[in-house]
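Report on the structure given below.
All values below come from the heavy atoms of this structure, side chains included, with hydrogens, waters and symmetry mates left out. Within every chain, numbering begins at 1; the chains are lettered A, B, ... in the order of the sequence lines, protein sequences first and strands thereafter.
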Amino acid sequence: MLDLRQIREQPETVQAALQQRGAYDLAPLLSLDQQQRQLETRRSQLQARSNEIGKRVGQAIKAGSGASDPAIVALKTEGNDIKAELQTLEPEERDIKTQIEAFLLTLPNLPSDSTPVGASADDNIEVRRWGEAYRPQSAVKPHWEIGEILGILDFKRAAEKIAQSRFVVLMGAGAALERALISFMLDRHTRAGYQEILPPYLINSAALTASGQLPKFAEESFQCRHDDLWLTPTAEVPLTNLHRDDILNADQLPLRYCAYTPCFRREAGSYGKDTRGLIRLHQFNKVEMYHFTHPDQSFIALENLVQDAEDILQQLQLPYRVLALCTGDLGFSSSKTYDLEVWMPSSDSYREISSCSNCLDFQARRANIRFKASGQKGTQYLHTLNGSGLAIGRTMAAILENYQQANGAVRVPEVLQPYLGREYL
RNA sequence: GGAGAGGUGGCAGAGUGGUCGAAUGCGCCCGACUUGAAAUCGGGUGUCCCCAAAGGACCGAGGGUUCGAAUCCCUCCCUCUCCGCCA
């Protein structure tokens, strides 16, 4: 959520920044804000008078006046008049406040100055590459083919017998590899100082609103019919809400968490895209990293976060590149995002495998997460960052292709061999 | 799911209609004493709206009664205990 005070004080600046992300008109918001502030002034004047009347009546009664004393009757009458006026004023103000809140919740974060300006993914900037793209003599089979040949991936049973399309059943070495990847990543991050979290996978709507998934992306999430609960689309949601409404001490920061969760996404509107394989499923596994930082530290933290994700790819010896997303491709809550894209030999292209974002105080404001410096008055919103470290299914896909031998065998990356106890799948 | 108890400041915990935004203790901050520390003593210490002051709001959430509600009434949410069911 953006800062209403900032919008009020620098409407042109905010408007211009939003323009880079799409069509947003702040005018209605500014007008609502003005109305609300007028109503608030009037209301608080009435309340002040009402408080005074209450006090006076109390004092008079204490001093021995009877209830029928004319002075008391007059005060009571005035009190009733004020109450009547407040009873029309209050709902009006509340209604406007609700509208303001609803409006603010639909505005995306402002892009950082360091985010490249651009309209679409085509304008993202490649920052660096690591590793050499794998281009063997013989054609590499796409991961879904090799997975089915090896008997470790089964899309057909998932779709026809268990769930529907865009689900997968992992079997044998496939299931074990998935589990190994999760363990490997969590082990790596906890050694690097992240605290491991295993959160609920069902999330209430207040929590989804706090992290920015609601109200705009309701159609992207799976919802439980009988409860106010949704299947988590990413561990970012529960991790953000770990500290909802908290006031932390400055010396507790930064807080760094990692969590494995399955992620559930409806993928509405992506019909026909990535219909085969592990790239785009309704359910996938992911290890997520999350930082709560002091505002001065968040951009340094973002660089560190990206490196933590890159380290996984490097240890797995998977070639990748790093992109700085442009303003037009930025996620709703993010101010600056780096995407990591892993090399996929079968399609001769790089595919997103991690997204690392600095949300600044955008989520902290929605989730009301603040910190207090000891000895200082007042509180400040902290900054939040999130990054995949990594998407497990896509990592598996990358391994099945990049580690594919000419004879169709798939070698197990060296760092995973202790987890799997085997050299080939 | 059934029965009961309860939700108050960082924590613990008083407060059942009128200077209660809230006693007290712990914690924390400042100061005194001390070579230093502990102990002790004195003072301070919630959040939000508001440019600020003034003022206002907040005792789980929402509504009601009243001149006046943390306190009374209604609805909802949550927590705890016991029972049932269950991995």
Side-chain angles (χ1 to χ4, degrees), chain A residues 1-11 13 29-30 32-101 103-104 198 200-210 224 226-230 238 241-253 255 292 361 364-382:
Chain A
M1 190 155 67
L2 300 179
D3 182 3
L4 182 56
R5 195 181 305 174
Q6 190 197 358
I7 296 175
R8 183 187 303 143
E9 287 167 3
Q10 316 160 13
T13 312
L29 178 62
L30 291 165
L32 285 169
D33 179 48
Q34 205 159 20
Q35 290 175 53
Q36 189 274 323
R37 281 164 31 112
Q38 273 166 13
L39 287 169
E40 179 176 325
T41 305
R42 176 70 184 145
R43 174 180 53 76
S44 85
Q45 282 168 351
L46 288 172
Q47 281 172 333
R49 177 61 187 155
S50 169
N51 288 342
E52 194 187 324
I53 290 169
K55 205 174 280 181
R56 286 225 199 144
V57 172
Q59 281 166 354
I61 288 173
K62 217 175 211 173
S65 304
S68 55
D69 191 305
I72 292 186
V73 172
L75 284 170
K76 285 190 178 184
T77 307
E78 190 186 348
N80 277 325
D81 291 347
I82 289 176
K83 190 170 21 169
E85 187 172 353
L86 281 174
Q87 244 150 17
T88 64
L89 231 88
E90 276 173 348
E92 211 178 320
E93 189 189 349
R94 201 175 321 127
D95 177 53
I96 290 177
K97 272 191 158 160
T98 307
Q99 288 182 53
I100 290 172
E101 185 78 3
F103 197 113
L104 282 174
L198 193 68
Y201 303 154
L202 297 189
I203 311 284
N204 65 46
S205 51
L208 281 153
T209 305
C224 300
H226 300 294
D227 305 276
D228 178 31
L229 290 169
W230 308 63
N241 284 277
L242 216 47
H243 290 295
R244 178 145 60 100
D245 293 322
D246 280 357
I247 300 177
L248 302 164
N249 287 322
D251 55 23
Q252 290 176 268
L253 302 177
L255 288 167
F292 296 87
D361 60 1
R365 185 170 281 111
R366 288 171 90 104
N368 193 29
I369 309 171
R370 294 165 291 169
F371 73 95
K372 190 172 199 157
S374 70
Q376 266 185 23
K377 255 190 92 159
T379 59
Q380 273 186 80
Y381 290 110
L382 46 69

Closest heavy-atom pair and its distance - [X], [Y]:
X      : Y      : value
A:A206 : A:R244 : CB-NH1, 3.7 Å
A:W230 : A:N204 : CD1-C, 4.3 Å
A:Y381 : A:F371 : O-CE2, 3.8 Å
A:I7   : A:L30  : O-CD2, 3.8 Å

Can you list the residues that meet the side-chain hydrogen bond (donor to acceptor under 3.5 Å, both in side chains) rule with [X], with sequence neighbours excluded?
X      : value
A:R49  : A:E52, A:E78
A:D81  : none
A:S205 : A:D228
A:R42  : A:E85

Go through it in stages, so that I can follow the logic: the residues are A:H243 and A:L248, the test is side chain to side chain contact (heavy atoms under 4.5 Å, CB included), and I'd like the CA-CA distance, side-chain angles, deciding distance and then a yes or no. CA-CA 9 Å; A:H243 290 295; A:L248 302 164; 4.0 Å; yes

Just the atom pairs and distances: protein N or O near nucleotides 85-87 of chain B's N or O, under 3.5 Å.
none

For a 4.5 angstrom cut-off between non-hydrogen side-chain atoms, does A:L104 reach A:L4?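 In contact.
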
Could you tell me if the side chain of A:D246 sits less than 4.5 Å from the side chain of A:R370, heavy atoms only? no

Dump every N/O contact between nucleotides 62-66 of chain B and the protein below 3.5 Å, one line per pair.
| from | atom 1 | to | atom 2 | distance (Å) |
| --- | --- | --- | --- | --- |
| B:rG63 | OP1 | A:R94 | NH1 | 3.1 |
| B:rG63 | OP1 | A:R94 | NH2 | 3.3 |

With [atom1] as the reference atom in both, quote the distance from [N] to [M] in angstrom, rounded to an integer.
N      : M      : atom1 : result
B:rC73 : B:rC29 : P     : 43 Å
B:rC50 : B:rA57 : P     : 16 Å
B:rU8  : B:rA61 : P     : 10 Å
B:rU16 : B:rC72 : P     : 9 Å
B:rG7  : B:rC59 : C1'   : 10 Å
B:rA87 : B:rC48 : C1'   : 44 Å
B:rC67 : B:rG2  : P     : 39 Å
B:rA70 : B:rC58 : C1'   : 11 Å

Can you list the residues that meet the side chain to side chain contact (heavy atoms under 4.5 Å, CB included) rule with A:S50, with sequence neighbours excluded?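 Side chain to side chain contact (heavy atoms under 4.5 Å, CB included) check on A:S50 returns A:I82.
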
Would you say a side-chain N or O of A:K372 is under 4.0 Å from OP1 or OP2 of B:rG46?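 Indeed not, no polar side-chain atom of A:K372 lies that close.
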
Would a distance-only check, ignoring hydrogens and angles, find a side-chain to backbone donor-acceptor pair under 3.5 Å from [X] to [Y]?
X      : Y      : answer
A:D227 : A:L229 : no
A:N241 : A:A207 : yes
A:D69  : A:A71  : yes

Paired stems touching RNA chain B, three or more consecutive Watson-Crick or G-U pairs with both distances under 3.5 Å? B:1-7 with B:77-83, B:10-12 with B:24-26, B:27-32 with B:40-45, B:46-49 with B:55-58, B:60-64 with B:72-76

For residues 89-96 of chain A, tabulate all N or O donor-acceptor pairs below 3.5 Å that involve a side-chain atom, not counting sequence neighbours.
| from | atom 1 | to | atom 2 | distance (Å) |
| --- | --- | --- | --- | --- |
| A:E93 | OE1 | A:R43 | NE | 2.5 |
| A:E93 | OE2 | A:Q36 | NE2 | 3.0 |
| A:E93 | OE2 | A:R43 | NH2 | 3.3 |
| A:D95 | OD2 | A:Q99 | NE2 | 3.1 |

Pairs under 3.5 Å (N/O, protein and nucleotides 16-23 of chain B):
| from | atom 1 | to | atom 2 | distance (Å) |
| --- | --- | --- | --- | --- |
| B:rG18 | N2 | A:G54 | O | 2.8 |

Just call it for A:R370: base, sugar-phosphate, or nothing, with non-hydrogen atoms closer than 4.0 Å on any strand. sugar-phosphate

Atom pair distance, as rounded to whole Å: [atom1] in [X] and [atom2] in [N]:
X      : N      : atom1 : atom2 : answer
A:D251 : B:rG10 : CG    : P     : 16 Å
A:D245 : B:rG60 : CG    : P     : 15 Å
A:N368 : B:rG46 : CG    : C1'   : 14 Å
A:N249 : B:rG10 : CG    : P     : 11 Å
A:D227 : B:rG1  : CG    : C1'   : 14 Å
A:N204 : B:rU79 : CG    : P     : 11 Å

B/S/- contact track for nucleotides 49-58 of chain B, protein heavy atom under 4.0 Å: BSS---SSS-

Under the side-chain hydrogen bond (donor to acceptor under 3.5 Å, both in side chains) rule, what pairs show up with a residue in residues 1-11 of chain A, not counting sequence neighbours? A:R8-A:D33

